[in-house]
Asks: 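Please read through the structure below; I'll follow up with questions.
Here the structure is a predicted model, which means the values were calculated and not measured.
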Amino acid sequence: VDPKDWQGFAGNSTESSLKLPLDLLIEVAKLGKMYMVANVINDTVDALKARLTENTPKTETETDVDVFLTIFSASIREDFGAVRSAAVELSKGSSAIRCLYDEER
């Protein structure tokens with residue numbers, strides 16, 4: 001076993017290279033829920049909530065809300081209650097999310 005195989009992409013061990021792509025994370029969460037694998041559900045819900053926290057725009061000048069909207073819509077579609085509740089709580093303090101709501105986006 002080569003230890004380099006476990007250091008991220010191309011030997012780069014930065015945090016961003018170690019993150020699972022969002023679409024895969026959502027799919028893993030869906031599979032965990034479908035097959036009722038508690039550890040997978042807990043880990044993916046925690047990861048999705050962390051991504052929400054990292055990617056919630058705080059001010060109206062922050063216009064990148066795609067990650068937030070992707071996670072929020074997936075939590076509604078797939079019935080991830082804990083993620084959906086976290087998204088609602090985070091959106092209460094975000095003026096950028098409020099602007100999107102006002103624009104009926």
Side-chain angles (χ1 to χ4, degrees):
V1 176
D2 187 3
K4 292 179 184 176
D5 291 341
W6 302 98
Q7 294 180 353
F9 300 106
N12 185 359
S13 62
T14 63
E15 184 178 334
S16 63
S17 70
L18 296 177
K19 284 187 178 180
L20 188 64
L22 185 57
D23 57 337
L24 290 178
L25 181 59
I26 292 169
E27 290 299 318
V28 169
K30 286 169 46 177
L31 287 171
K33 185 175 180 187
M34 181 187 307
Y35 294 107
M36 296 181 286
V37 182
N39 292 341
V40 173
I41 295 169
N42 293 337
D43 290 345
T44 54
V45 164
D46 288 343
L48 287 168
K49 287 169 39 176
R51 294 268 183 107
L52 272 175
T53 303
E54 294 168 5
N55 293 290
T56 302
K58 305 292 185 234
T59 63
E60 292 178 30
T61 58
E62 293 182 59
T63 58
D64 188 22
V65 295
D66 292 336
V67 172
F68 181 87
L69 292 176
T70 300
I71 295 172
F72 194 25
S73 63
S75 71
I76 293 169
R77 183 179 60 249
E78 303 301 331
D79 194 30
F80 301 140
V83 178
R84 186 176 57 242
S85 296
V88 168
E89 288 302 314
L90 287 169
S91 66
K92 288 179 182 178
S94 172
S95 58
I97 301 296
R98 181 63 189 196
C99 285
L100 285 176
Y101 175 77
D102 291 340
E103 293 172 1
E104 295 180 353
R105 180 175 173 192

Asks: Return the set of residues passing side chain to side chain contact (heavy atoms under 4.5 Å, CB included) with I41 (not counting sequence neighbours), or none when no residue passes.
Replies: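 Residues passing side chain to side chain contact (heavy atoms under 4.5 Å, CB included) with I41: V45.
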Asks: Mind checking whether T56 and V67 have side chains closer than 4.5 Å, heavy atoms only?
Replies: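 No. Closest side-chain heavy atoms not under 4.5 Å.
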Asks: Any heavy-atom pair between the side chains of L48 and L22 that's under 4.5 Å?
Replies: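 Yes, at least one pair of side-chain atoms sits under 4.5 Å.
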Asks: Between P57 and V65, what is the shortest heavy-atom contact and its length?
Replies: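 Nearest pair, atom of P57 first, then V65: CG-CG1, 3.0 Å.
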Asks: Suppose the criterion is side chain to side chain donor-acceptor pair (under 3.5 Å): which pairs have a residue in residues 71-89, not counting sequence neighbours?
Replies: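 Applying side chain to side chain donor-acceptor pair (under 3.5 Å) to every pair that reaches into residues 71-89, excluding sequence neighbours, yields D79-R84, E89-K92.
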Asks: Does the side chain of S91 reach to within under 4.5 Å of the side chain of Y101, using non-hydrogen atoms?
Replies: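 Answer no - side chains too far apart.
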Asks: Check I97, V88, L90 against F72 for a side chain to side chain contact (heavy atoms under 4.5 Å, CB included) and give me the one that passes.
Replies: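 Between F72 and the candidates, side chain to side chain contact (heavy atoms under 4.5 Å, CB included) is satisfied uniquely by V88.
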Asks: Once rounded to the nearest 0.5 Å, what's the spacing between atom OG1 of T44 and atom NZ of K33?
Replies: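 It comes to 10.5 Å.
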Asks: Quick check: is M36 connected to V40 through a chain of hydrophobic side chains (ILVMFWY, heavy atoms under 4.5 Å apart)?
Replies: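 Looking at the clustering, M36 is in a separate group from V40.
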Asks: Restricting to non-hydrogen atoms, name the atom on L52 and the atom on V83 that form the minimum distance, rounded to 0.1 Å.
Replies: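 Nearest pair, atom of L52 first, then V83: CD1-O, 3.7 Å.
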Asks: Which pair of non-hydrogen atoms, one from A82 and one from K49, has the smallest distance, and what is that distance?
Replies: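 Shortest heavy-atom contact: O-CD, 4.0 Å.
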Asks: Let me confirm one number: the CG-NZ distance from L25 to K19, rounded to the nearest 0.5 Å.
Replies: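 It is 10.5 Å, given to the nearest 0.5 Å.
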Asks: Going by heavy atoms in the side chains, are T70 and I26 under 4.5 Å from each other?
Replies: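 A side-chain contact exists here, since the closest heavy-atom pair is under 4.5 Å.
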Asks: Starting at CZ of F68, measure out to CZ of R51 and round the result to the nearest 0.5 Å.
Replies: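 It is 15.0 Å, given to the nearest 0.5 Å.
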